[in-house]
Undergrad: 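Mind having a look at this structure? Questions to follow.
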Amino acid sequence: LKSEILLFALLLTLHSSLNAQWSIRETYNESFRQKEFYAILGFIQPSPALNHPYQNTKYGITVGCRNEMFWVYMYFSTVPKISNTVLKDHSYSFSTTVYFGSEARNWQMAQQFDTNTIDLIKPTEFLDYMGFVDFITVMLNWENNPNRPFIIDIRGFRVVGKELYRRCRI
Amino acid sequence: MNYFNYFIQNFTISLLLLLSSTNEANAQWMYFQEEGTNFVYATTQPSTSLTPMSPPFHDTSARLAIACLNDDYYAYILFTKTPSIIGAENSEFGYTFNTKIHIDDTSMDWTFTQPFDSNQLLFMNPTELIRKLINTEVLLLNINWRGNGFAMFMFTVDEFSSMLFHLDRFCNT
């Protein structure tokens, strides 16, 4: 019975991560007078859910580009509170473990004040690593939720990513 | 129309003054020092626009920040999203524009610079602004935000001089 429950839980997690779909959005940056494109995945329910008061928090990932410049950030339905950060350029800066498949790497992240997004520093390098795996796992030291995995199914990005690169003229 | 706007703004200011005077807990400065530097700053609590903004800017919030680095003072607004401002002109460091600000009941024009692709609006002549903010309660800012008309941000600047005193102490070490 125990293994059945485990299997069910596994299927449920897979199902919830499969449910999240990639979509492409186009905006116009008035300051730069250029189009911007975003590939957005979300929302994903953390499994297990975060502790109170963050139990309803969901997350997603966004890849944005404008004229051959790329950026990647995770976004959350509530403003994340990350422990053990240092202040840099009006942002909470920290490094964390990111698993590309099963390969662990240390990654530098930054969260601007009051925002519900966390930027991944060195986005082009991140996108390169992303191209070789099906899942990435970002470990976050969220206040009262130490060392939580945020699993992202990026299989759908192969198709969406190509479209994004095409539109940003790469 | 202008008179109406004027009335609404003044009405809002008086209402907010009334509210802020009854709720002292809101007037709290937050202090920050950046890692490995002597760059220190104090910010107000984040506040959203008094006029509703349309997506994707609907949840934009702002803080007024007063910063000190090597005895030089700076004043700027930190937004959670990069503002897109109508009437801003290209200058050497970014986009420059004039807009109306209110300090308590006095309104005046102020020049701002937004560094390219930045979510900060820098007050030009920051020392003059800081001098004007001492012993006042409210700073109100009108920004001609593309797609949103004039967005109006209000900051409570109670205890400004004691904040400056704290900042000065950290800045001079």
Side-chain angles (χ1 to χ4, degrees), chain A residues 23-40 42-43 57-58 60 62 64-71 73-95 108-119 121 123 168, chain B residues 30-48 54-67 69 74 76-90 94-97 114-122 144-148 153 170:
Chain A
S23 59
I24 285 201
R25 218 167 281 171
E26 180 185 324
T27 59
Y28 186 73
N29 189 320
E30 294 278 357
S31 308
F32 288 92
R33 302 196 179 170
Q34 280 167 341
K35 279 181 182 171
E36 284 177 351
F37 301 95
Y38 293 90
I40 301 162
F43 275 110
T57 300
K58 292 175 182 175
T62 297
C65 68
R66 179 199 337 117
N67 191 25
E68 306 194 359
M69 194 181 95
F70 282 77
W71 56 93
Y73 57 83
M74 291 182 73
Y75 66 95
F76 300 84
S77 55
T78 49
V79 176
K81 277 212 165 162
I82 307 298
S83 321
N84 302 327
T85 58
V86 297
L87 267 185
K88 210 176 159 189
D89 300 329
H90 303 96
S91 299
Y92 298 109
S93 172
F94 60 98
S95 73
Q108 200 64 35
M109 326 269 274
Q111 180 197 7
Q112 284 182 5
F113 289 167
D114 313 316
T115 59
N116 55 358
T117 57
I118 296 181
D119 296 325
I121 310 297
C168 284
Chain B
M30 299 167 78
Y31 297 90
F32 302 93
Q33 175 161 22
E34 297 226 337
E35 184 77 357
T37 66
N38 57 346
F39 179 42
V40 289
Y41 47 97
T43 75
T44 59
Q45 301 289 328
S47 61
T48 50
S54 57
F57 297 110
H58 59 286
D59 57 353
T60 305
S61 74
R63 294 179 188 221
L64 168 70
I66 308 292
L69 177 67
Y74 304 88
Y76 47 90
I77 312 286
L78 276 171
F79 288 97
T80 53
K81 299 237 162 77
T82 307
S84 177
I85 291 144
I86 295 178
E89 287 173 4
N90 275 24
Y95 307 103
T96 300
F97 63 96
Q114 178 189 15
F116 293 117
D117 207 16
S118 165
N119 61 341
Q120 297 174 27
L121 294 186
L122 277 74
N144 200 351
W145 197 303
R146 196 166 265 112
N148 287 284
F153 288 91
F170 284 112

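Proteins come first, then strands; the chains are lettered A, B, ... in the order of their sequence lines, and each starts at number 1.
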Undergrad: Nearest 0.5 Å, what's the OG1-NZ distance between A/T115 and B/K81?
TA: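 Answer for the OG1-NZ pair, A/T115 versus B/K81, is 9.0 Å.
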Undergrad: Working to the nearest 0.5 Å, report the span between CG of A/L87 and CD of B/E35.
TA: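 It is 8.0 Å, given to the nearest 0.5 Å.
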Undergrad: Need one label for B/Q114: side chain, backbone, both or neither, based on atoms under 4.5 Å from any heavy atom in chain A.
TA: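 The answer is neither part of B/Q114.
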Undergrad: I need the residue from B/D59, B/N119, B/T60, B/N90 with the largest number of non-hydrogen atom pairs under 4.5 Å to chain A.
TA: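 Option with the top pair count is B/N119.
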Undergrad: Measure the OH-CZ distance between A/Y28 and B/R146 for me, rounded to the nearest 0.5 Å.
TA: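 One finds 9.0 Å between OH of A/Y28 and CZ of B/R146.
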Undergrad: Which heavy atom of A/F113 sits nearest to which heavy atom of B/T80, and what is that distance?
TA: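 Scanning both residues, the minimum pair turns out to be O-CG2, 3.6 Å.
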Undergrad: Between B/D117 and chain A, which part of the residue has a heavy atom less than 4.5 Å away: side chain, backbone, both or neither?
TA: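 Contact with chain A involves both backbone and side-chain atoms of B/D117.
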Undergrad: By a 4.5 Å heavy-atom criterion (distance strictly below it), what part of A/R66 contacts chain B: side chain, backbone, both, or neither?
TA: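 Contact with chain B is through the side chain of A/R66 alone.
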Undergrad: Please determine whether the number of non-hydrogen atoms from other residues, nucleotides or ligands lying under 6.0 Å from atom CD of B/E89 exceeds 12.
TA: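 No, the 6.0 Å shell around CD holds no more than 12 heavy atoms from other groups.
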Undergrad: Which one wins on heavy-atom pair count under 4.5 Å against chain B: A/D114, A/N116, A/N29, A/T117?
TA: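 That would be A/D114.
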Undergrad: Do B/Y76 and A/H90 come within less than 4.5 Å of each other through their side chains, counting heavy atoms only?
TA: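 A side-chain contact under 4.5 Å exists here.
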